[in-house]
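Naming: A, B, ... by sequence-line order, numbering from 1 per chain. For the numbers below, each heavy atom of this structure counts, side chains included, while hydrogens, waters and symmetry mates do not.
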Number of protein chains: 2
Amino acid sequence: MNLKELASRLGLSPTTVSRALNGYPEVNEATRERVMAAAKRHNYHPNTRAIRLATGRAMAVGHVIPIATRHEIVNPVFADFIAGAGETYSRNGYDMVLSVVPDDQEEATYRGLKSKGNVDGVIVHAPRMNDPRIALLHDIGLPFVVHGRATGAALPYSWLDVNNRRAFQRATEFLLDLGHSRIGLVNGLEFMDFAIRRRTGYVDALVARGIAPDPGLMASDEMTEIAGHRAARAMLALPQRPSAFLVASMISGMGVRRALEEVGLHMGRDISVIIHDDELSYMKNGEDVPIFTATRSSVRSAGRLTAEMLLDIIAHPGSAPQHRLLEAELIIGQSTGPAPKV
Amino acid sequence: MNLKELASRLGLSPTTVSRALNGYPEVNEATRERVMAAAKRHNYHPNTRAIRLATGRAMAVGHVIPIATRHEIVNPVFADFIAGAGETYSRNGYDMVLSVVPDDQEEATYRGLKSKGNVDGVIVHAPRMNDPRIALLHDIGLPFVVHGRATGAALPYSWLDVNNRRAFQRATEFLLDLGHSRIGLVNGLEFMDFAIRRRTGYVDALVARGIAPDPGLMASDEMTEIAGHRAARAMLALPQRPSAFLVASMISGMGVRRALEEVGLHMGRDISVIIHDDELSYMKNGEDVPIFTATRSSVRSAGRLTAEMLLDIIAHPGSAPQHRLLEAELIIGQSTGPAPKV
DNA sequence: AATCGCAATCAAACCGCTTTGGATGCCGAA
DNA sequence: TTCGGCATCCAAAGCGGTTTGATTGCGATT
């Protein structure tokens, strides 16, 4: 069943039927209802491919995921972000198209997406310092929103980010207030923009209290259980071990906890831990009382909001770049307590 | 730059240019090369929307992800499966379109995908017993492959699955051989097909050795850290506690390990644990020596293979359903050892 | 009665490609 | 010489919608 056939059954022209279904004003209400009813009765759905060609819009948004020929891994927050963004797209009749490509083909993929007209815009994931994608997308004229920020970008661009600096600053202050002065930072890889900001927040808080940051207490690695474990073990082996940890993710935090248990330290009593909690749906931080004290920000709702921003930008080309900075909550769980007297 | 313009620059008809670019034989080789060169020089990429309309093919595959209005959560293996499938699609010029929809709109989504012509086929995730999607997709005539199997399906369908029954049977036998006789099963939710099969494997192995399965040693819940912890705690509190655990996932396994440590049991010495390891990229099971003894099967390569199967089915409509059963490896890590003498 | 305005509808062009069904020119065979 | 066959190339008709630019009918205005 297509437009033409539906129109002929109704004794109307395709023009009128199209307009009736799309809510144009110049069609008699009685006619419109007749058309609507017939469309429903015959289970008519306009062919997306034809709409796309006719309107010149792709009605789709792209997400490009470069895969590890070298170091990076599929980001564990990715699934939840996508789920959030996908909700927004579904609600607005957009498709989400994912391109999983070797990272040396990332640029070609963006160019292809634009010139072949597959999508109306893209969301940029996991920005790094001086991220080349921003200039690239500007260059090819493909609307985009960055999830996160890219320090060093020369051009203006739209972004949505969590205030990572502030979150880690507050968490550090919270630990300092509890009497901790040697605080270990188990950070993500510091070519990722958010990891840099987190370290800045941590360092700022220490410096503001007159504490010189100790390089031995700052680790930077992938946010895996293994890496978290390794970093914590190393710091626990120091002559002056930390009495608290600030950890970049739930998963790293589990590695840290394992390290603590191995050396016989009780989390929340002998040693404090704060993690950043992205509220991943499959990685809940406890049920009633959180296991970890955490800076918390839902990556899923970030996905929803980022997608909304992008759709708005697509709908209003030429509008000024948009920015949105979300604050993380600091929620108290069982993993923090006053620094033990020495 | 479009076909018509490229053609006119070349002094050729669109027909010939189209054929030249698509490798049709009825075009002079010299002409073809001239066309190819011009296409490259002008950075010509055919408009995907037009191709799709003209050929009637969507050149896209759909993945429908129902989101939790009730119980389910975004599947943690999902990201890796998608990454694998996406590789296959990219390599073959297909797009992957993800639909994230409230689960009461799942059926409508599949129907829409078909009637609006957005995709040429779909992959069905996380099949349950008597999964209604199979009959639905048969009904609307949308090619599909199931990742997993759906016990109770009346109609034939294509699937790719891991031999979950065998994997858990082997793991159980391995534990039995080590002298364990009380083995706790920390399973996933048993409306999921794979969870049922795993339990079957576990039970079969026990029965084969003349051991009656103890309902108190079989837990079924979401595969989260929290749930794994809860299940393990409950079993450890039994008058006759298990000396080994068989656990459905890496994440559950971390909860189990936490429970063990809380009650002062050393994993691998006092108590044995085997998990199922999907080889998620952000959840490595150790680096050199695996932390957990595990039944292992890469969900990422499953994604690749499932996608290949689907593309094959799309390319050969009317062919017989295809099946592929992958065997899991049993790899030995640090979490298993002989049952302690009582 | 002639004109105007407005509501409602339609024919046809168009989006950018593929594909069908010819054309055209040239060569070798009858 | 004539004609069939072959290699090349092309005009035009789709694909299934949207959108532009009329057209029609009718009550209201002059």
Side-chain angles (χ1 to χ4, degrees), chain A residues 1-36 38-39 42-60 93-95 112-120 315, chain B residues 1-36 38-39 42-60 93-95 112-120 315:
Chain A
M1 172 64 60
N2 57 20
L3 222 213
K4 201 188 294 183
E5 188 175 338
L6 183 65
S8 82
R9 277 181 202 253
L10 282 161
L12 288 169
S13 74
T15 308
T16 302
V17 175
S18 171
R19 288 185 163 148
L21 293 173
N22 290 308
Y24 281 69
E26 63 266 62
V27 42
N28 190 305
E29 274 311 314
T31 308
R32 187 192 307 281
E33 275 164 34
R34 205 158 62 87
V35 171
M36 296 286 224
H42 294 96
N43 193 31
Y44 168 71
H45 293 273
N47 183 301
T48 307
R49 298 191 288 264
I51 293 180
R52 286 176 172 159
L53 181 57
T55 61
R57 301 184 310 163
M59 294 305 288
Y94 273 73
D95 274 356
L113 245 28
K114 168 70 181 185
S115 60
K116 297 191 294 184
N118 293 30
V119 302
D120 296 319
Chain B
M1 174 60 61
N2 57 21
L3 222 215
K4 201 189 294 182
E5 189 174 339
L6 183 65
S8 81
R9 277 180 203 255
L10 282 161
L12 289 168
S13 74
T15 306
T16 303
V17 175
S18 171
R19 286 184 164 149
L21 293 172
N22 291 309
Y24 282 69
E26 61 266 63
V27 41
N28 188 306
E29 273 312 314
T31 308
R32 186 194 306 279
E33 274 165 34
R34 206 158 60 85
V35 170
M36 295 286 221
H42 293 96
N43 193 33
Y44 169 70
H45 293 273
N47 183 300
T48 308
R49 298 192 288 262
I51 294 180
R52 286 175 172 160
L53 181 57
T55 61
R57 301 184 310 165
M59 293 304 288
Y94 273 72
D95 275 354
L113 247 27
K114 169 68 181 187
S115 59
K116 298 191 295 184
N118 293 31
V119 301
D120 295 320

Inset, instruction - Return no unless some side-chain N or O of Tyr24(B) is found under 4.0 Å from OP1 or OP2 of dT19(C). - result: yes

Legend entry - Heavy-atom closest pair, residues Leu21(B) and Met36(B): CD2-SD, 3.9 Å

Inset, instruction - Measure the distance from CZ on Arg32(A) to P on dA7(C) and round it to the nearest whole Å. - result: 14 Å

Legend entry - Integer-rounded Å distance: dC17(C) P and Leu53(A) CG: 9 Å

Inset, instruction - Output yes when at least one side-chain N/O atom of Tyr44(A) is less than 4.0 Å from OP1 or OP2 of dG17(D), else no. - result: yes

Inset, instruction - Classify the nucleic acid contact of Ile51(A) as base, sugar-phosphate or nothing, counting any heavy atom under 4.0 Å across all strands shown. - result: sugar-phosphate

Legend entry - Closest contact, heavy atoms only, Leu10(B) versus Ala38(B): CD2-CB, 3.8 Å

Inset, instruction - Can you measure from CG (Asn47(A)) to NZ (Lys116(B)) and round to the nearest 0.5 angstrom? - result: 10.5 Å

Legend entry - dG17(D) phosphate, OP1 or OP2, under 4.0 Å from Asn2(A) side-chain N/O: no

Legend entry - Between P of dC15(C) and CG of Asn47(A), the distance in whole Å: 19 Å

Legend entry - dG17(D) OP1/OP2 closer than 4.0 Å to side-chain N/O of Ser18(A): no

Legend entry - Interatomic spacing from OG1 in Thr16(B) to CG in Leu3(B) - rounded to 0.5 Å: 10.5 Å

Inset, instruction - Would you mind reading off the distance between Met59(A) atom CE and dC15(C) atom C1', rounded to a whole angstrom? - result: 16 Å

Inset, instruction - Only counting residues at least two apart or in another chain, list the ones meeting side chain to side chain donor-acceptor pair (under 3.5 Å) with Asn118(A). - result: Thr48(B), Asp95(B)

Legend entry - Residue-phosphate contact under 4.0 Å: Asn28(A) side-chain N/O, dT9(C) OP1/OP2: no

Inset, instruction - Figure out the CG/C1' separation between Asn118(B) and dG17(D), and round it to whole Å. - result: 14 Å

Inset, instruction - Find the distance Leu21(B):CG to dT19(C):P and express it as a whole number of Å. - result: 13 Å

Inset, instruction - Kindly calculate the angle separating the two end axes of the helix from dA1(C)-dT30(D) to dA30(C)-dT1(D), each obtained from five base pairs, and round it to 10 degrees. - result: 80°

Inset, instruction - Kindly state each residue pair satisfying salt bridge (Lys or Arg N to Asp or Glu O under 4.0 Å) with at least one member in residues 22-36 of chain A, sequence neighbours excluded. - result: Arg19(A)-Glu26(A), Glu29(A)-Arg32(A)

Inset, instruction - Mind calculating the distance between CG (Asn22(B)) and P (dG16(C)) to the nearest angstrom? - result: 17 Å

Legend entry - Residues within residues 4-14 of chain A bordering DNA chain C, heavy-atom distance below 4.0 Å: Gly11(A), Leu12(A), Ser13(A)

Inset, instruction - Identify which nucleotide among dG17(D), dC17(C), dT9(C) has an atom closest to any side-chain atom of Val27(A), counting heavy atoms from C-beta outward. - result: dT9(C)

Legend entry - Residue whose nearest DNA chain D nucleotide is more 5′ - Val17(B) or Ala54(A): Val17(B)

Legend entry - Closest approach of Ala7(A) to Pro14(A) (non-hydrogen atoms, all atoms of both residues): CB-N, 3.7 Å

Legend entry - Nearest atoms (heavy-atom pairs only) where Ala58(A) meets Gly117(A): CB-O, 3.6 Å

Inset, instruction - Go through the structure and list residues passing salt bridge (charged side-chain N to carboxylate O under 4.0 Å, His left out) with Arg9(A), not counting sequence neighbours. - result: Glu5(A)

Inset, instruction - With rounding to the nearest 0.5 Å, note down the distance linking CE in Met59(A) to CD1 in Ile51(A). - result: 8.0 Å

Legend entry - Distance in angstrom units between Arg57(A) CZ and dT19(D) C1', rounded: 13 Å

Inset, instruction - Keeping the roles fixed (side chain from Asn28(B), backbone from Ala30(B)), state whether a donor-acceptor pair exists under 3.5 Å. - result: yes

Please enumerate all protein N or O atoms sitting under 3.5 Å from an N or O of nucleotides 20-26 of chain D, with distances to 0.1 Å.
{"unit_1": "dT20(D)", "atom_1": "O4", "unit_2": "Arg19(A)", "atom_2": "NH2", "d": "3.4"}

Inset, instruction - Could you grab the distance from atom CZ of Arg57(A) to atom CZ of Arg49(B), nearest 0.5 Å is fine? - result: 10.0 Å

